[in-house]
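These numbers come from a predicted model, not from an experiment. Position 1 is the first residue of the sequence, and the numbers go up from there. In each ligand, atom 1 is the first atom listed, and ligand 1 is the first ligand listed.
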Amino acid sequence: MPVSYLSKKLSPYVRVAAIIVVAALMVFAGLRFYSWRSYGARTRLTTLVNPWNPVSETGFSARLVEAENGMRVDRSCAEPLRRMLADCRAAGRNPVLAAAYRSVDEQLVLHDERFQQLVDEGRSPEEAEAETSKLIAAAGRSEHELGLAVDIVDEGYRATDARQAETPTVQWLEENAWKYGFIQRYPPDTEDITGFGWHPWHYRYVGEGIAESIHSLGITLEEYLSLFYSDEAQVVYDGS
Ligand SMILES: [Zn+2]
């Protein structure tokens, strides 16, 4: 048989390498297939907004419904958010929905308040702008304007800083949010890709299948889009 003849001729190393290559190709093809399957959903749910992709260029218009605390979200994620918060509470944690949809004007106020605070503390306008933009997106460039992003903090510690990652609520979210279609949008050490520093409290809805892929691959939305939708004109991240 040619096959057994071939396998005898190949060294074990070559065979192992071939198996790894084939397995990697199968995983890639599987994810690619999954992406095609979810094509209908991606046009809205994977809408990319970051410092280089303003909301105005996405053509996205939020369809807002009520969530908790008088806040609103896009209706696509209202039910998954409700389930996620309920299950988080059932697990003994105390999540507080601290932010959801923001209009462009609300984003402008938030950004300017932080900027002014830093200027008042003695920073130059350039320094203040650079520091503010790492934490709070400029108006027109925040995912919160899509209604697909939420900030969730722990009732016992409400500050939006790195220590939020140590709270029981955010630790539960880190493990479980993907099951509800949410991803931690700004993980540590991804500022060059996402444009923002680590925001352990900021979660973005992308839908269950895509959230699972992004979570299991340990990548950002920008990297996911450039891996699977390189034809998307709106993706500017080039992998460098
Ligand atoms: Zn946020």
Using 30° and 60° as the class boundaries, would you call the ring planes of [X] and [Y] parallel, tilted or perpendicular?
X	Y	value
His202	Tyr186	tilted
Phe196	His199	perpendicular
Trp178	His215	parallel

Would you say Arg44's side chain and Ser61's backbone share a donor-acceptor pair under 3.5 angstrom?
->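 Checked: pair present.
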Total protein N/O/S atoms whose distance from the Zn ion (ligand 1) is less than 2.8 Å =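 Atoms of protein N, O or S type lying less than 2.8 Å from the Zn ion (ligand 1) total 3.
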Please walk me through it: do Lys179 and Glu208 pass salt bridge (charged side-chain N to carboxylate O under 4.0 Å, His left out)?
-> CA-CA 6 Å; Lys179 297 171 190 167; Glu208 283 181 24; over 6 Å; no
From the options Leu146, Val150, Ile214, select the one residue that forms a side chain to side chain contact (heavy atoms under 4.5 Å, CB included) with Arg204.
->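 Among the candidates, only Leu146 passes.
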